[in-house]
Amino acid sequence: MPGRTVAPASVRVGLSMSRSRVQAVAVDSSGLIVATNAVDRIPSLSESVAAALTPLLGQVDASAVSSVALATSWLDEQMHARSTHARVGVLRIGLTSTGAPPLSGWPSSLAAQLDGPRVIVAGGADVDGSPLAELDLGAVDSFARECRGRVDAVAISSVFSPLSADHELAAAERLATVLGPVPLTLSHTVGGFGLLERENAAILNASLRHLGSELVSDARRGLDLAGIAAELYLAQNDGTLLSAEAAAAMPVRVFDSRLATAANGAATDADVSDAIVIDFDDTLPRASVVHSGSVALESDRSSLAGVRVIQYLPRGFGLPRSSNPVDRLRRHARNAPLLAVGDLAGHPEEGGHPFGATVPEHAEFASAIGAATADVSASVSGFIDSDDDRDDLLDQTRQRAIEEAILAGAHPSSTRVTAVHETPISHMVGEPRRLVVIAAGPPFSFADEPMQLDSFTQHNNERNAP
Amino acid sequence: MRITERDIDAMALGAFVLGSGGAGDPYLTTEMLRNQLSGGRHLDIVALDELPPDAEVAPLAMVGSPHALSEKLLSTSDIRTLFFAEGLRDRAPDAVMPYELAGLNALYPLAAAAELGVPVLDADFTGRGFSSLDTTMLGISGAQLAEHIICDSRGRTVTVRTTGVISLESLIRPMAETMGWLVGISTASLRRDFLAAHSLAGTVSDCLAIGRMFGTFAESSIDAVESTLEAAGGRLLGSGRVVERVSAPERLGPRASVAIEPDQPGAALLRIEQRNEFHLVVRDGEILASVPDIITVVDRDTWTPLSSEEVSTQRDVHVIALPAHERWFEPTALAAVDPRAFGYGVDYVRIAGLPSRSTS
């Protein structure tokens with residue numbers, strides 16, 4: 001039976017949640033801000049989100065909302081605030097690595113919270129992707145038995161898994177058989193070369209899985225309470241978006257996105273392509289840099305929660321919060337304007353802003369604007385070891401990045417490769433390169449094309465299933 | 001000298017500086033050493049004359065690609081294989097020593113010594129980072145050893161016995177490639193008289209001192225940094241933002257030229273020529289520093305050293321030069337490691353602004 005046709009929706013909503021406030025903005029397809037609202041945060045995340053969203057619907061029809069994107073530091077905040085923590089088991093595959101066991105270099109307090117079994121078993125891949133050793137399934141099984149009833153999540157890493165994920169996948173299958181529904185994070189899904197850093201991100205991710213699910217389901221309930229049936233996205237640490245489903249599985253990517261979205265939103269609001277943005281949220285301010293319209297990112301020696309990872313994070317992300325965060329960044333954009341945004345930017349101390357910064361029109365909403373206007377993106381890392389197959393490999397990696405971005409929620413018809421980073425590798429013959437390809441596109445929306453309401457309802461039912 | 005967990009970060013910082021942009025990020029070997037020294041354990045760093053007269057010492061190094069190391073990491077069993085080196089040694093050595101005191105290769109022998117429970121000899125054969133196994137005190141003085149053992153991540157070993165003069169670099173590097181681009185290497189055990197003649201004494205202590213010095217920079221004024229560096233025989237050559245990086249692929253690593261724009265508008269660019277390590281610093285045609293002196297590029301804010309790969313556009317950096325060990329300036333040694341030896345058509349030039357080197 002054919003369903004009713006829904007009119008195309010064209011308004012994107014951005015949400016930003018700090019410790020004390022929740023801001024919401026609605027942006028139309030021409031980039032115009034058509035509604036804003038801000039409320040104090042209350043203990044219930046869903047009700048906070050609903051309270052921020054509901055007044056927007058006086059100015060925007062709920063059916064016109066194509067997507068809602070949430071930027072928040074909630075995971076960072078909760079990781080520190082909660083008294084009980086997820087117990088995480090760590091399985092590393094590759095006996096070549098015993099000199100630096102899992103959690104090497106972690107802050108001891110954070111390492112102690114994880115409290116699960118950790119082992120290194122035989123297996124993994126060599127530099128050319130061939131097996132280093134056979135996967136020791138017996139050892140995987142005994143690790144699985146050790147984990148039974150003792151862990152809330154498991155991280156699995158394997159030597160050179162970006163080149164061959166076979167052993168991570170085989171171990172995951174065995175663990176799933178023994179442990180049932182315990183969430184598993186496989187390091188190749190986190191990506192990047194560098195076993196310790198990739199494993200660190202996988203362990204952090206495993207430790208955040210339950211919080212990630214809570215964040216996503218509470219935010220969705222907030223949309224439901226407000227009567228908005230649009231797709232939910234979460235902003236990633238780099239300021240781009242990820243579908244709610246993907247974010248629940250990969251919470252490490254949405255650990256603390258507000259600095260990046262605030263930077264992007266501030267530049268959009270002030271209509272500048274380069275800026276230094278100071279984010280006055282409810283604690284000491286942070287600063288970051290905008291280059292050519294988007295937040296400047298760095299991946300070298302980045303860290304999350306004091307743990308070394310390989311993730312693209314805003315320049316300034318790793319600097320300690322301070323009363324004067326601009327000093328260290330000023331040289332990165334010498335002639336660019338200073339923009340002050342965030343909850344408290346509109347209330348400078350007597351005598352104007354201490355840094356002589358400009359306060360853009362929608363300063364309090366910068367992070368929400370950044371979320372509302374962001375693309376969905378995904379990155380894929382690859383390795384090129386000789387010139388012969390270089391073009392093929394580059395094409396394959398580009399295609400994989402586009403597929404990953406679409407899986408992350410980007411619209412299939414307008415997703416494209418936005419960056420290709422090639423890093424030459426020293427001390428190896430044949431000019432090998434590490435490759436990172438990033439693809440991005442606007443959030444997918446069912447409303448972009450006329451669609452059947454019954455399939456929409458079915459989708460919603462699936463989405464809301466427990 | 002006795003080092004504990006508290007000294008590790010300074011040792012790693014010194015090792016990174018001595019890498020002169022190469023020799024690998026010491027991060028992994030640092031964590032390995034930290035695991036070894038946690039819980040109040042310590043490591044003894046001893047001078048040659050503190051060892052018994054009949055003492056035997058095993059040098060240790062990693063050879064391969066940082067790419068392979070970053071994934072396979074290091075295993076504690078390889079260390080034992082190299083140390084006991086069945087078929088190469090008659091007995092277990094009394095100490096280990098760094099072969100190349102720079103980057104990850106500075107910390108690796110320290111972690112190994114802690115694992116094995118033996119002291120580290122306060123000496124090595126380079127005193128800084130060089131990519132080739134031939135550019136060592138042994139290689140340049142014709143004292144290359146006849147016996148080497150290499151061990152890969154799978155525990156496979158190759159023992160090499162040579163006669164006559166063969167480039168160790170040309171011999172070992174293809175083996176490292178065959179064995180997964182990462183091997184540990186050691187030599188036949190070395191005696192005190194040999195080490196007295198061919199090793200650079202005190203370089204482990206020097207590395208720690210350099211690390212401690214650099215560790216103060218982030219909290220110091222620029223003036224204080226300059227005078228500290230000058231007291232150590234070095235110079236702060238310039239500061240600014242990397243505005244250009246041009247690189248051309250070449251066997252064993254890309255050759256690159258980096259331009260750094262100082263803060264003052266219109267001031268001349270600082271140019272760095274590099275391949276795996278930083279080789280030359282030039283401003284307006286004047287050479288400010290050259291290999292074998294140690295050229296280090298550090299992050300402008302944190303003063304942490306950057307590898308030659310990390311010096312990319314938009315980076316804000318300081319460029320620093322420190323003098324190499326004096327034995328690199330003996331004529332035969334200098335000929336093997338001066339700018340001409342690395343393919344630049346210029347002679348070695350003393351670090352700018354410092355009095356010329358005495359020829360005593």
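To find a chain, count down the sequence lines: A is the first, B the second, and so on, and within it residues start at 1.
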For the student: nearest non-hydrogen atoms of [X] and [Y], plus distance:
X	Y	answer
B/Leu28	A/Leu196	CD2-CD2, 3.6 Å
A/Ser158	B/Glu71	O-OE1, 4.1 Å
B/Ser75	A/Ser97	CB-N, 4.4 Å
A/Arg434	B/Ser70	NH2-OG, 2.9 Å
B/Asn35	A/Gly99	ND2-O, 3.7 Å

B/Thr76 side chain to A/Thr98 main-chain N or O, any donor-acceptor pair under 3.5 Å? no
For [X], is it the side chain, the backbone, both, or neither that has a heavy atom closer than 4.5 Å to a heavy atom of chain B?
X	value
A/Ala100	both
A/Pro101	both
A/Ser157	neither

Euclidean distance, A/His291 NE2 relative to B/Gln314 CD, rounded to 0.5 Å: 4.0 Å
Could you grab the distance from atom CD of B/Glu31 to atom CG of A/Leu103, nearest 0.5 Å is fine? 11.0 Å
What residues form a salt bridge (charged side-chain N to carboxylate O under 4.0 Å, His left out) with [X], not counting sequence neighbours?
X	answer
A/Arg308	A/Glu197, B/Asp25
A/Arg118	none
B/Asp134	none

Looking only at heavy atoms and a cut-off of under 4.5 Å, which of B/Lys72, B/Arg34, B/Glu177, B/Glu309 has the most pairs with chain A? B/Lys72
Parallel, tilted or perpendicular: ring planes of A/Phe193 versus B/His67, cut at 30 and 60 degrees: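 Correct class here is perpendicular.
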Counting only heavy atoms closer than 4.5 Å, note whether B/Leu306 contacts chain A via side chain, backbone, both or neither. both
Contact class of B/Ser307 relative to chain A, heavy atoms under 4.5 angstrom: backbone
Output, in order, the C-alpha distance, side-chain angles, deciding distance and verdict of side chain to side chain contact (heavy atoms under 4.5 Å, CB included) for B/Leu73 and A/Glu199. CA-CA 12 Å; B/Leu73 312 190; A/Glu199 177 184 81; over 6 Å; no
Counting only non-hydrogen atoms closer than 4.5 Å, can you tell me which residues of residues 123-132 of chain A sit against chain B? A/Asp126, A/Val127, A/Ser130, A/Pro131, A/Leu132
